[in-house]
**Student:** 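Sharing a structure below in structure tokens format, with a few things to ask.
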Amino acid sequence: MEERTEINDLGEFGLIDYLTRNIEIYNAGTVLGVGDDAAVIDHFGKQTVVSTDMLVEGIHFDLMYTPLKHLGYKSVVVNLSDIYAMNATPTHITVSLAFSNRFSLEALNEFYEGVYAACERYKVDLVGGDTSTSQKGFVISVTAIGEVAPDQFVKRSTAQKGDLLCVSGDLGAAFLGLTLLEREKKIFLENPQVQPDLENQTYVIGRQLKPEARQDIISFLAGKEIMPTAMMDVSDGLSSEILHICKQSQLGCVLYEEKIPVADDARQLAMQLGLDPTACALSGGEDYELLFTMKQADYDKITLNEEIAVIGYMTDPAEGSHIITRSGNKHQITAQGWNAFK
């Protein structure tokens, strides 16, 4: 039997001391980290970028199939993704938790192992947070802080007519991973003797449980001296993100179905499950890829990068936002992405 330590035995300060006992500092700008009334950060003349996300048990994650370590990792990554989406470099995070007494010290420690793994992978410093009791369930709030050279940040509202519409990586796999996990959960609840069968779908399950933020794409663009004209991360599905850029930049777009990148594993699983791979990419969400626009003149600089796909281009607003299907039909793009309030 695994040991179980009640949180009450430690108290809040004891808990914070315990969870932050081996903290590593990666950034010279961290003047003062955890352990005082507030952290102190010096960004040496750079601009500061801040983003916050909240993850609520039963809405954003299900602990029945989400290991706590993966959840800790993902909680950090989804915030770092927002910082990269501004063309900035994340440097610091704070993590706040509310949890009920069904969580032991060992469980929280596992969650923090994931948080620290993400901090190490992306070289960000954990500089604060808060813990509280909740009546039921687990609530996570992460704030990410980053830095960017003055006025080098990229907004959603600055795309130009004629710009190429690009996306990193591949889309739809995280949604398919979730679909598979939900299917197995349902079978398990109806028949607890049945062992889950995830059909060796390592890739799509990994995309759901342990996503990564696209630090590599930001480094690549900087190295090639490509300044995206607009950018955001793909967290709610490609179609709704494209419509955000169109709306905020006051433009239309043409998107080509055949250009939307979908991994082979995801395509095959979608077919098996009777789902349309394109619909998974357009409406799925949680891919944490980067969607950006750039000048046509920069096209030659990205042709050799297999991680960047040009999927369309920006047009006059009067032309609207359309997708051209493989068969050559033209449809209006509709936002069927994930909505937390539905």
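Note that the coordinates shown come from a computational prediction; the quantities given were computed from them, not determined experimentally.
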**Student:** Is it the case that the side chain of Gln201 and the backbone of Leu269 share a donor-acceptor pair, with hydrogens and angles ignored and the cut-off at 3.5 Å?
**Tutor:**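 Checking the backbone N and O of Leu269 against the side chain of Gln201, no donor-acceptor pair under 3.5 Å is found.
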**Student:** Could you please spell out the steps behind the side-chain hydrogen bond (donor to acceptor under 3.5 Å, both in side chains) verdict for Asp170 and Tyr203?
**Tutor:** CA-CA 11 Å; Asp170 60 79; Tyr203 184 70; 2.6 Å; yes
**Student:** Hey, is the main chain of Leu71 close enough, under 3.5 Å, to the side chain of Thr66 for a donor-acceptor pair?
**Tutor:**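 Absent.
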**Student:** By the definition side-chain hydrogen bond (donor to acceptor under 3.5 Å, both in side chains), identify the one residue from Gln208, Glu182, Lys185, Glu184 that meets it with Tyr65.
**Tutor:**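 Of the listed residues Gln208, Glu182, Lys185, Glu184, the side-chain hydrogen bond (donor to acceptor under 3.5 Å, both in side chains) partner of Tyr65 is Glu182.
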**Student:** Decide whether Ser96 and Asp130 meet the rule of one side-chain donor and one side-chain acceptor closer than 3.5 Å.
**Tutor:**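 No pair is found: no donor N or O on one side chain lies under 3.5 Å from an acceptor on the other.
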**Student:** Check Asp298 with Lys295, please: is the shortest side-chain N to carboxylate O separation under 4.0 Å?
**Tutor:**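 No salt bridge links Lys295 with Asp298.
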**Student:** With a 4.5 Å heavy-atom cut-off, do Val148 and Met86 have their side chains touching?
**Tutor:**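 Sidechains of Met86 and Val148: no contact.
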**Student:** Among residues at least two apart in sequence or on other chains, which ones pass side chain to side chain donor-acceptor pair (under 3.5 Å) with Asn87?
**Tutor:**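 Per chain and number, Asn87 pairs via side chain to side chain donor-acceptor pair (under 3.5 Å) with no residue.
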**Student:** Give a yes or no answer on whether the side chain of Tyr299 reaches the backbone of Leu164 with a donor-acceptor pair at less than 3.5 Å.
**Tutor:**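 No.
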**Student:** Could you tell me if the side chain of Ile218 sits less than 4.5 Å from the side chain of Thr89, heavy atoms only?
**Tutor:**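 No, too far: nothing below the 4.5 Å cut-off.
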**Student:** State the CE-OG distance between Met54 and Ser75, to the nearest 0.5 angstrom.
**Tutor:**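 Going from CE on Met54 over to OG on Ser75, the span is 12.0 Å.
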**Student:** Specify whether Tyr116 and Tyr112 have parallel, tilted or perpendicular ring planes, treating 30° as the upper limit for parallel and 60° as the lower limit for perpendicular.
**Tutor:**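 Ring orientation, 0 to 90° scale: tilted.
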**Student:** Using a strict threshold of under 4.0 Å (side-chain N to carboxylate O), is an ion pair present between Glu289 and Arg207?
**Tutor:**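 Salt bridge present between Arg207 and Glu289.
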**Student:** Between Val77 and Ala118, which heavy-atom pair has the shortest distance, and what is it?
**Tutor:**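 Closest heavy-atom pair between Val77 and Ala118: CG2-CB, 4.5 Å.
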**Student:** Just by distance, no angles: are the side chains of Thr91 and Asn27 close enough, under 3.5 Å, to form a donor-acceptor pair?
**Tutor:**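 No, no side-chain donor-acceptor pair sits under 3.5 Å.
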**Student:** Side chain to side chain contact (heavy atoms under 4.5 Å, CB included) for Asp17 and Leu10? Distances and angles first, verdict last.
**Tutor:** CA-CA 10 Å; Asp17 286 346; Leu10 280 160; over 6 Å; no
**Student:** With a 4.5 Å limit on heavy-atom distance, are the side chains of Leu165 and Met314 in contact?
**Tutor:**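 Yes, their side chains come closer than 4.5 Å.
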**Student:** With a sphere of 6.0 Å drawn around CG of Asn191, does it hold more than 12 non-hydrogen atoms of other residues, nucleotides or ligands?
**Tutor:**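 Enclosed: over 12 neighbouring heavy atoms sit under 6.0 Å from CG of Asn191.
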**Student:** Any Lys/Arg nitrogen of Arg121 or Glu212 sitting under 4.0 Å from an Asp/Glu carboxylate oxygen of the other?
**Tutor:**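 Yes, Arg121 and Glu212 are salt-bridged.
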**Student:** In Å, rounded to the nearest 0.5 Å, how long is the span from CD1 of Ile187 to CD of Gln193?
**Tutor:**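 Ile187 CD1 to Gln193 CD: 13.5 Å, rounded to 0.5 Å.
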**Student:** Do Lys161 and Tyr313 have side-chain heavy atoms sitting under 4.5 Å apart?
**Tutor:**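 No, every pair of side-chain atoms sits at 4.5 Å or beyond.
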**Student:** Would you check if Pro277 and Met271 make a side-chain contact, meaning some heavy-atom pair closer than 4.5 Å?
**Tutor:**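 Yes. Closest side-chain heavy atoms under 4.5 Å.
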**Student:** Taking everything shown except Met64 itself, do over 12 heavy atoms lie less than 6.0 Å from its CE?
**Tutor:**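 Above 12, so yes.
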**Student:** Let me see the working for Val254 and Ile324 under side chain to side chain contact (heavy atoms under 4.5 Å, CB included), right down to the final yes or no.
**Tutor:** CA-CA 7 Å; Val254 174; Ile324 311 267; 3.7 Å; yes
**Student:** Would you please test Leu255 and Ile242 for side chain to side chain contact (heavy atoms under 4.5 Å, CB included) and show each step?
**Tutor:** CA-CA 9 Å; Leu255 170 68; Ile242 284 177; 3.8 Å; yes
**Student:** Using a strict threshold of under 4.0 Å (side-chain N to carboxylate O), is an ion pair present between Glu106 and Arg4?
**Tutor:**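 Glu106 and Arg4: not salt-bridged.
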**Student:** Does CG belonging to Asn329 count more than 12 external heavy atoms closer than 6.0 Å?
**Tutor:**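 Enclosed.
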**Student:** I'd like to know if the side chain of Ser134 and the backbone of Val139 have a donor-acceptor N/O pair within less than 3.5 Å.
**Tutor:**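 Looks like no, no N/O pair under 3.5 Å.
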**Student:** Any heavy-atom pair between the side chains of Ser104 and Thr5 that's under 4.5 Å?
**Tutor:**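 Side chain of Thr5 against side chain of Ser104, heavy atoms only: no contact under 4.5 Å found.
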**Student:** Taking the side chain from Ser239 and the backbone from Thr334, do they hold a donor-acceptor pair closer than 3.5 Å?
**Tutor:**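 Yes.
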**Student:** Could you tell me whether a side-chain N or O of Glu257 sits under 3.5 Å from a main-chain N or O of Arg326, the two making a donor and an acceptor?
**Tutor:**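 Looks like yes, one N/O pair under 3.5 Å.
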**Student:** Would a distance-only check, ignoring hydrogens and angles, find a side-chain to backbone donor-acceptor pair under 3.5 Å from Asp316 to Ala318?
**Tutor:**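 Looks like no, no N/O pair under 3.5 Å.
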**Student:** Tell me whether Arg102 is salt-bridged to Glu6, with the criterion being a basic N under 4.0 Å from an acidic carboxylate O.
**Tutor:**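 The answer is no: the pair does not qualify as a salt bridge.
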**Student:** Let me check something: any side-chain donor-acceptor pairs from residues 222-232 under 3.5 Å, sequence neighbours excluded? List them with distances.
**Tutor:**
residue, atom, partner, partner atom, Å
Thr229, OG1, Asp163, OD2, 2.7
Thr229, OG1, Thr293, O, 3.1
Thr229, OG1, Thr293, OG1, 2.6

**Student:** Once you round to the nearest 0.5 Å, how far does CG of Leu238 lie from CD1 of Ile311?
**Tutor:**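 Interatomic distance, Leu238 CG to Ile311 CD1, rounded to 0.5 Å: 4.5 Å.
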**Student:** For the residue pair Lys210 and Tyr73, would you count it as a cation-pi contact if the rule is NZ or CZ under 6.0 angstrom from the ring centre and within 45 degrees of the ring axis?
**Tutor:**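 Ring-cation test returns yes.
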**Student:** Return yes if some donor-acceptor pair links the side-chain N/O of Asp287 with the main-chain N/O of Gly172 below 3.5 Å, else return no.
**Tutor:**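 Looks like yes, one N/O pair under 3.5 Å.
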**Student:** Should Phe111 and Phe138 be marked as a ring pair (Phe, Tyr, Trp, His ring centres under 6.0 Å) after you check the CA-CA gap, both sets of side-chain angles, and the distance that decides it?
**Tutor:** CA-CA 11 Å; Phe111 175 85; Phe138 194 30; 5.3 Å; yes
**Student:** Among side-chain atoms of Thr30 and His92, is any donor-acceptor pair under 3.5 angstrom?
**Tutor:**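 Side chains of Thr30 and His92: pair found under 3.5 Å.
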**Student:** Can Ile308 be reached from Val234 by stepping across I, L, V, M, F, W or Y side chains whose heavy atoms are under 4.5 Å apart?
**Tutor:**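 No, Val234 and Ile308 fall in different hydrophobic clusters.
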**Student:** Is it true that a side-chain atom of Lys123 and a backbone atom of Glu120 form a donor plus acceptor pair closer than 3.5 Å?
**Tutor:**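 Yes, Lys123 side chain to Glu120 backbone: donor-acceptor pair under 3.5 Å.
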**Student:** For atom NZ of Lys301, is the number of surrounding heavy atoms from other residues, nucleotides or ligands below 6.0 Å larger than 12?
**Tutor:**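 Buried by this count: over 12 neighbours within 6.0 Å.
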**Student:** Starting at OG of Ser235, measure out to CD of Glu241 and round the result to the nearest 0.5 Å.
**Tutor:**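 CD of Glu241 is found 4.5 Å from OG of Ser235.
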**Student:** Counting neighbours of NZ on Lys259 that are heavy atoms of other residues, nucleotides or ligands and sit closer than 6.0 Å, is the number greater than 12?
**Tutor:**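 No, not enclosed.
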**Student:** Looking at Cys246, is its backbone amide N or carbonyl O close enough to the side chain of Ser249 to form a donor-acceptor pair, meaning the two atoms are under 3.5 Å apart?
**Tutor:**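 A pair under 3.5 Å: no.
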**Student:** Count I, L, V, M, F, W, Y as connected when their side-chain heavy atoms are under 4.5 Å apart, and connections chain through other members. Are Tyr18 and Val34 then in the same cluster?
**Tutor:**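 Linked within one cluster.
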**Student:** Would you mind reporting whether Ile145 and Thr48 have side-chain heavy atoms less than 4.5 Å apart?
**Tutor:**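 Yes. Closest side-chain heavy atoms under 4.5 Å.
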**Student:** May I have the step-by-step check of side chain to side chain contact (heavy atoms under 4.5 Å, CB included) for Leu221 and Ile217, ending in yes or no?
**Tutor:** CA-CA 6 Å; Leu221 293 173; Ile217 299 293; 4.1 Å; yes
**Student:** Hey, does Leu15 have a side-chain heavy atom less than 4.5 Å from the side chain of Leu105?
**Tutor:**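 Leu105 vs Leu15: side chains touch.
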**Student:** Out of curiosity, does Ile23 fall in the hydrophobic cluster containing Leu80 (side-chain heavy atoms, cut-off under 4.5 Å, transitive links)?
**Tutor:**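 Shared cluster, yes.
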